[in-house]
Protein chains: 2
Amino acid sequence: MKKQIRKVLFGRPLRTAELKKEKLGILWGLPMLSSDAISSVAYAGQEMLLVLIPAVGVVAYGKMALLSWCIIGLLAILVISYRQTIDAYPGGGGAFTVAKENLGPVPGMVAGAALTVGYILTVAVSISAGVEQIVSAFEFLIPYKVPLAVFLVVLLMVGNLRGIRESAKLFGVPAYAFILGMLIMIGTGAVKAASGYQAPEPDFGKPVAAVTLLLMLKAFAAGCTALTGVEAVSNSVPNFKKPSTKHAKMVLLLLAVIILVLFAGTSAIANVYHVIPGEQGALLILIAKQIFGTSFMYYYVTATTFIILILAANTAFSGFPVLVAVMSKEEFAPKQLCMRGDRLSFDNGIIALSVIAILLILGFRANVTSLIGLYAIGVFISFTLSQTGMLMRWLRSKDPNRKVKAFINGFGAFITALVSLIIAVAKFTEGAWIVIILIPVMVFLMNKVNMHYYSVRRQLTISQKNLADTEYFDNAYKNKIIVPIENINMTSVRTLRYAKTISDNVMAFNISMDDEGADKIQAEFDALGLDIPLVIKMSPYRKVVEPLLRFIESSEYDRNPGDLITVLISDFMVRKWWHLFLHNNITHYIEKNLLKHKHIVVSIMPYQLHDDSEYEEEYRASRKRKQK
Amino acid sequence: MKKQIRKVLFGRPLRTAELKKEKLGILWGLPMLSSDAISSVAYAGQEMLLVLIPAVGVVAYGKMALLSWCIIGLLAILVISYRQTIDAYPGGGGAFTVAKENLGPVPGMVAGAALTVGYILTVAVSISAGVEQIVSAFEFLIPYKVPLAVFLVVLLMVGNLRGIRESAKLFGVPAYAFILGMLIMIGTGAVKAASGYQAPEPDFGKPVAAVTLLLMLKAFAAGCTALTGVEAVSNSVPNFKKPSTKHAKMVLLLLAVIILVLFAGTSAIANVYHVIPGEQGALLILIAKQIFGTSFMYYYVTATTFIILILAANTAFSGFPVLVAVMSKEEFAPKQLCMRGDRLSFDNGIIALSVIAILLILGFRANVTSLIGLYAIGVFISFTLSQTGMLMRWLRSKDPNRKVKAFINGFGAFITALVSLIIAVAKFTEGAWIVIILIPVMVFLMNKVNMHYYSVRRQLTISQKNLADTEYFDNAYKNKIIVPIENINMTSVRTLRYAKTISDNVMAFNISMDDEGADKIQAEFDALGLDIPLVIKMSPYRKVVEPLLRFIESSEYDRNPGDLITVLISDFMVRKWWHLFLHNNITHYIEKNLLKHKHIVVSIMPYQLHDDSEYEEEYRASRKRKQK
């Protein structure tokens with residue numbers, strides 16, 4: 001039953017050998033890995049306006065257009081820089097790998113932490129923005145924003161647990177549909193404007209402030225969210241079909257061209273069709289209404305914008321698990337994160353991402369403007385570290401073009417560092433402080449994790465020192481067994497019999513509440529006629545484990561230091577799950593507590609209960625007898 | 001740390017021998033066991049008025065007084081009947097024991113189920129009513145009704161987990177304070193009325209209905225909730241100091257006298273001071289306001305009424321765990337319910353009661369009027385069965401006064417059966433139907449539980465048949481061990497060495513993903529130079545348990561039917577709890593799945609990891625080396 005549900009939700013399990021089939025080409029790789037950057041058209045511009053309009057009114061639109069060009073310039077720098085990274089690192093891993101290899105483990109961990117935060121926020125922001133588009137068009141959905149957002153994350157999680165390629169196909173077509181829709185909207189808008197259309201001017205009130213530098217920087221910082229997601233391509237190089245670097249570079253270039261057209265286009269259009277975006281009126285949807293009315297194209301733009309934002313969240317679902325798997329392989333994160341699931345996806349990474357994103361959505365009530373304050377900072381820190389790492393690489397390399405390459409990445413490093421600083425200052429009080437505190441904490445933990453794995457590896461290595469530390473059971477060694485028994489019944493008979501086959505030093509052990517109980521047990525035990533001693537201890541506090549341990553440590557039990565004691569416990573195996581509620585289930589508790597002691601091995605012997613129905617007739621008869 | 005928290009919350013653990021100290025005298029037994037019945041003054045009358053007033057207006061008060069006398073008559077019958085029960089059953093158990101012994105197991109189970117439901121509702125109703133008193137006096141608390149009620153249940157749970165006597169002292173004094181307050185209120189009210197005080201007449205609107213029989217029956221059914229809790233005394237006879245039957249009978253009598261005075265008194269007073277109770281205006285609080293204004297006595301009545309209702313809930317906390325423990329001893333309920341905790345209370349019963357009551361409070365939004373529909377029916381069914389059982393007992397006995405005794409209990413049985421029917425009909429659509437469906441379901445489950453325990457007992461009995469069914473390991477038997485290994489490291493060395501000491505038939509077993517991995521493992525294993533064969537199986541689906549089981553079942557493994565195979569697994573014991581997240585933790589999963597197979601014993605060998613700090617220096621050195 002459980003297996004069938006798994007199969008319907010996640011598909012049939014895949015063999016490890018099927019791994020290579022799950023690779024991306026350009027056609028499917030583009031929507032899969034670049035939708036984050038493309039979709040930001042839907043919120044980056046809007047969030048810039050939300051900073052500017054309340055302060056300076058109608059002037060905002062012109063300023064937004066100006067800032068948009070700055071951001072596109074920044075995009076160009078990033079694309080050129082990252083194409084060099086893809087060439088240099090065909091194994092993927094992006095900022096984390098680049099920073100770690102060229103700058104050292106600590107910068108690597110900082111980059112890893114920053115990227116991790118960035119990916120999680122990509123999911124939270126994109127899903128929240130997606131829901132915002134929908135409620136802008138369908139106002140009756142406004143009260144359901146948060147549950148809708150949570151539902152969408154869960155949907156993405158299930159989709160991604162099914163495996164990479166299938167989700168790429170599932171989400172690929174609508175991404176192209178979005179691009180087409182945006183091109184039509186920009187084109188129609190331009191034609192309409194050129195033919196003399198004058199948008200009705202909304203009431204902006206009086207501007208309350210002048211255009212200050214801080215205001216522009218705040219708007220710029222909000223707009224920089226447009227560039228998050230560019231690193232997804234370079235992280236995911238090994239996900240591409242061979243030659244994977246060539247495919248990845250092509251996808252990165254195509255991505256830049258598309259963003260250029262869409263971002264510049266919508267910026268220009270917004271400058272003509274003055275609309276005031278808000279939490280329940282998303283910029284693109286309002287513009288589409290101005291241009292198309294509530295016609296088919298209006299709903300088409302709403303639907304495709306919504307879907308591209310979901311796709312953007314999906315970018316993180318393909319990037320994040322690969323990133324944490326790489327970090328996990330390098331022993332900076334729990335190793336469970338680099339284990340592939342039934343469908344060959346990194347299940348634990350996918351689930352972790354979903355859970356944290358859902359918590360963020362719940363915490364920030366799926367509000368894009370609140371979440372955006374935390375967003376770009378992490379991503380730009382990782383950009384900076386990645387570019388700085390590349391710069392160091394070229395400085396040390398013997399590549400004939402190393403000077404040009406170093407200049408390109410060096411310039412990229414300088415610009416992204418500057419932007420990181422701008423975002424940190426401009427958005428500090430709006431959430432960036434959380435990330436600025438979180439990253440060092442994460443680095444501290446990664447360090448601890450790394451050291452733990454080192455320490456474990458050292459302890460597990462077969463070395464002379466370790467071998468000397470471990471017990472060696474020579475011929476003089478006596479294998480000793482203790483069998484705790486609660487009552488004298490078939491399980492005790494069975495365990496004692498088995499114990500005798502693995503050792504000639506067996507002892508039965510019982511905890512009694514009082515002398516009366518002790519005498520009864522002793523008599524019953526003697527009647528079994530086994531050649532095994534029985535030790536009975538009193539436990540006034542009704543404890544089990546402590547008296548047993550006390551006995552083993554006591555001089556009463558003849559134990560040499562270095563001896564291993566095997567404690568043999570019988571455990572009921574019930575036929576129906578609800579029968580578990582009818583038994584003590586303390587076996588696991590006893591096991592856990594005994595195993596804390598180095599010299600105790602715990603052996604569990606199952607006792608399979610027959611089905612109750614076998615005894616039904618006998619039971620009815622006995623009940624009738626009693627009633628008479 | 002965990003131990004310290006436990007100690008502060010629940011007190012120091014008690015020895016089993018300290019059990020007898022935790023007994024009740026009359027002084028503390030009265031508030032402890034009778035507050036349910038006494039406190040019902042706070043809601044029984046009110047709920048009668050809430051049925052009558054909307055239908056017939058001011059006439060309601062007179063009708064309530066009339067019905068109150070009927071209920072007091074009913075109380076007298078119950079008290080006389082139950083005094084006979086206490087004498088006959090000094091061991092406690094009340095309706096369940098009486099019905100089971102005299103009518104058979106099925107009526108016993110019905111009584112047990114009915115009482116169980118009754119106790120749970122006592123908690124839900126009393127706590128909700130208590131909160132209602134408080135919000136009537138302090139209106140700003142109205143929005144917090146539900147969380148307040150839940151908090152109070154948790155408080156009672158913790159108090160009761162500390163043990164019986166302490167809670168009796170904690171809650172005893174305020175119970176007497178309530179009785180005193182009510183007497184002052186009734187007295188002052190009577191004097192004020194006698195000196196010619198005329199209450200301002202509220203506007204009742206026009207009566208919308210005539211006084212019909214059904215209306216009176218509905219009001220009567222609501223009022224019968226006053227009598228729930230009477231059985232708590234007879235269930236808890238063994239909780240009293242010796243002579244326990246004498247003490248219990250005295251408490252029951254005192255209880256009846258107190259109820260008589262308070263119930264009749266408030267009924268008469270309400271007839272003079274016409275007030276209209278509602279969800280945010282509790283009857284007693286409104287009357288107190290009329291009589292005392294918002295003086296000290298008003299707050300005194302509010303506070304003590306609130307506390308007596310909490311005490312009432314506490315009645316269930318002392319009665320319910322004893323009842324389910326008795327049922328558990330008779331094997332009608334999970335045996336965990338008759339195990340005493342650290343403080344000698346029946347912890348599992350207390351926790352179960354709290355959880356279900358909290359769910360009810362959440363489900364019915366702590367609304368007394370909604371909960372009351374479910375309440376009295378269960379209790380009256382148990383009364384009926386208990387009285388019928390007593391009747392049968394006398395009919396069969398040789399007691400010289402058996403005819404008188406039979407008449408008393410027979411009359412009690414007749415009247416309570418009649419009342420049960422009235423409640424079932426009058427309250428059917430208001431919630432009684434839930435209980436009427438629930439009781440048979442519970443009886444069905446109890447039957448299943450009883451049969452399971454029977455079947456287990458039969459299987460565990462040491463009998464010729466059972467002995468013949470169990471493996472007997474004679475001299476020809478070979479003890480076989482399989483050691484699954486993931487890598488060749490210190491844990492594998494240690495487990496293999498140990499395995500050789502308990503058997504000369506040891507085999508190592510490895511799961512590889514591919515041939516490359518298999519060759520590597522084989523080479524490393526051979527290098528160890530152990531005299532043990534290694535079997536390597538491929539698992540393309542990255543499974544562990546299935547290939548091992550398949551191997552054991554296969555002809556490749558030479559296993560005779562009846563052989564026991566011991567699978568020996570090494571398990572990391574980490575030093576810090578969070579290290580658990582850094583390891584696979586699949587040992588328990590493997591263990592659970594292997595144990596489903598009758599012929600497999602699972603042995604866990606702990607591997608104690610050293611503290612990471614032991615390797616810190618070495619780690620730092622190695623990191624420095626790498627960076628260079």
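Excluded from the calculations below are hydrogen atoms, water molecules and symmetry mates; all remaining heavy atoms, backbone and side chain alike, are included. Just so we're on the same page: letters track the sequence lines, and every chain starts at 1.
No side-chain N or O of Gln459(B) forms a donor-acceptor pair with one of Tyr615(A) less than 3.5 Å apart.
Interface check for chain B: of the options Met451(A), Lys598(A), Lys500(A), the most heavy-atom pairs under 4.5 Å are formed by Met451(A). The candidate from Lys335(A), His452(A), Met605(A), Lys576(A) with the greatest count of non-hydrogen atom pairs under 4.5 Å with chain B is His452(A).
Both the backbone and the side chain of Asn450(B) come within less than 4.5 Å of a heavy atom in chain A. Contacts between Leu467(A) and chain B at a heavy-atom distance below 4.5 Å involve backbone atoms as well as side-chain atoms. No part of Ser492(A) comes within reach of chain B, as not one of its non-hydrogen atoms sits under 4.5 angstrom from that chain. Heavy atoms of Glu591(B) lying under 4.5 Å from chain A belong exclusively to its side chain. In this structure, chain B has a heavy atom under 4.5 Å from the side chain of Asn479(A), while its backbone stays farther away. At a 4.5 Å heavy-atom cutoff, Ile481(A) makes no contact with chain B through either its backbone or its side chain. Only the side chain of Met573(A) comes within less than 4.5 Å of a heavy atom of chain B; its backbone N, CA, C and O stay farther away. Contact annotation for Thr461(A): only backbone heavy atoms (N, CA, C, O) come within less than 4.5 Å of a heavy atom of chain B. Interface residue His583(A): backbone and side-chain heavy atoms are both found under 4.5 Å from chain B. Looking at Leu609(B), the atoms closer than 4.5 Å to chain A (heavy atoms on both sides) sit in the backbone and in the side chain alike. At a 4.5 Å heavy-atom cutoff, Glu101(A) makes no contact with chain B through either its backbone or its side chain. Looking at Glu618(A), both its backbone and its side chain come within 4.5 Å of chain B, counting heavy atoms on both sides.
For the pair Ile462(B)/Glu524(A), no side-chain contact is recorded, criterion being any heavy-atom separation below 4.5 Å from C-beta on. Side-chain contact between Asn447(B) and Arg623(A) is present, with heavy atoms from C-beta onward closer than 4.5 Å. No side-chain heavy atom of Tyr607(B) sits under 4.5 Å from any side-chain heavy atom of Val456(A). Inter-residue side-chain proximity for His588(B) and His588(A) is flagged as met; some heavy-atom pair is nearer than 4.5 Å. Contact check for Tyr454(A) versus Asp612(B): no side-chain heavy atoms found under the 4.5 Å cut-off. At a threshold of 4.5 Å between non-hydrogen side-chain atoms, the residues Leu564(A) and Arg497(B) do not count as touching.
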